[in-house]
Amino acid sequence: MTKLYKLTDQNGQTRNNTQWGPGVEHVASGTGDLCGPGWLHAYTDPRLALLMDSVHSDYGPNALLWECEGDGVFKDNNGLKCGVTRLTTLRKIHKPVLTMEIRVRFAIACVRIVLNPGVIPEWHLWAEKWLSGEDRSAAAAIAVARAAATVEAAAVALAAAIAV
């Protein structure tokens, strides 16, 4: 059994009016894509569940957070959510506070996944300094935003030139 976390709406339901509650278990086939009906979705961390709510389910501020046990086949979506073939909600838990630091760390992690270090090296240097606590100044953030804007403007100009 793996400890997992699940978000539901304020009535303890997920898509297709699937009801969850203390000790409620559901079983799925483990077939098809992770976002399909063959998987029961959960998260490996309660903060991740809240951070991904607007993307995956959008239950909003009244969402309930459940501590769960997952079992069976386990499928991972790059660490952003997982699917299991057996999931049991154990109990409702308090939602953790998502501080600005948690949100910025998450945003940096997301950008690192998609931004090649060679594209905006200044951004990667800024991110390292921010994460280490070496430099979290507004001046550093503004400087890296300007560097990113310059790269974006160059990319737009290149695309426009190619389109002619």
Side-chain angles (χ1 to χ4, degrees), residues 2-10 13-16 18 28 30-68 70 73-84 87 93-164:
T2 302
K3 183 188 247 186
L4 296 170
Y5 302 89
K6 182 156 192 71
L7 278 179
T8 66
D9 68 15
Q10 63 190 8
Q13 294 183 342
T14 54
R15 289 188 182 177
N16 300 318
T18 303
T31 59
D33 293 332
L34 180 58
C35 292
W39 297 94
L40 300 164
H41 305 114
Y43 298 90
T44 56
D45 185 276
R47 294 166 298 196
L48 184 59
L50 295 175
L51 287 163
M52 295 305 295
D53 179 37
S54 64
V55 177
H56 292 155
S57 52
D58 205 17
Y59 294 126
N62 295 322
L64 302 178
L65 181 61
W66 298 86
E67 184 177 297
C68 307
V73 178
F74 184 91
K75 189 170 189 175
D76 187 304
N77 182 18
N78 297 316
L80 294 179
K81 83 174 170 184
C82 62
V84 291
L87 188 67
I93 60 173
H94 291 287
K95 293 183 277 189
V97 174
L98 296 178
T99 64
M100 184 58 68
E101 180 172 349
I102 290 170
R103 292 174 187 274
V104 172
R105 284 182 179 280
F106 181 71
I108 289 171
C110 291
V111 173
R112 282 176 143 177
I113 291 170
V114 298
L115 182 61
N116 182 314
V119 175
I120 308 174
E122 301 91 342
W123 185 90
H124 289 275
L125 180 59
W126 167 83
E128 286 300 321
K129 288 181 177 182
W130 195 96
L131 291 170
S132 73
E134 180 182 335
D135 188 355
R136 293 185 175 180
S137 69
I142 291 167
V144 78
R146 285 187 180 134
T150 301
V151 171
E152 179 187 19
V156 168
L158 178 60
I162 292 171
V164 173

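Quick caveat: nothing in here was measured; it's all calculated off a predicted structure.
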Nearest heavy-atom neighbours spanning [X] and [Y]:
X	Y	answer
P61	K95	O-NZ, 2.7 Å
G30	W39	O-CZ2, 3.0 Å
G38	A28	O-CB, 3.3 Å
L7	Y59	O-CE1, 3.5 Å
C82	Y43	SG-N, 4.2 Å
L87	L40	N-CD1, 3.6 Å

After noting the C-alpha distance and the side-chain angles of H94 and L65, does the key distance pass the side chain to side chain contact (heavy atoms under 4.5 Å, CB included) rule?
CA-CA 7 Å; H94 291 287; L65 181 61; over 6 Å; no
Is it true that a side-chain atom of [X] and a backbone atom of [Y] form a donor plus acceptor pair closer than 3.5 Å?
X	Y	answer
H41	L34	yes
D135	W130	no
D45	R47	yes
H124	L115	yes

Sub-4.5 Å side-chain heavy-atom contact between [X] and [Y]:
X	Y	answer
V119	V151	yes
D9	T14	no
L98	R103	yes

Drop me the distance from [X]'s [atom1] to [Y]'s [atom2], to the nearest 0.5 angstrom.
X	Y	atom1	atom2	result
I102	L51	CD1	CG	7.5 Å
L64	Q10	CG	CD	7.5 Å
T150	E122	OG1	CD	8.5 Å
W126	I108	CH2	CD1	4.0 Å
K81	T44	NZ	OG1	13.0 Å
I93	C68	CD1	SG	8.5 Å

Is it true that the side chains of T18 and N16 contain a donor and an acceptor less than 3.5 Å apart?
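Result is no, nothing qualifies.
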Verify whether one side chain among S57 and D53 offers a donor that lies under 3.5 Å from an acceptor in the other.
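Their side chains do contain a donor-acceptor pair, which is all the 3.5 Å distance test asks for.
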Please say whether more than 12 non-hydrogen atoms of neighbouring residues, nucleotides or ligands are located less than 6.0 Å from CD in E152.
no
More than 12 heavy atoms from other groups under 6.0 Å of CZ on R146
no
Starting from the C-alpha separation in whole Å, work towards a yes-or-no answer on side chain to side chain contact (heavy atoms under 4.5 Å, CB included) for F106 and E101.
CA-CA 9 Å; F106 181 71; E101 180 172 349; over 6 Å; no
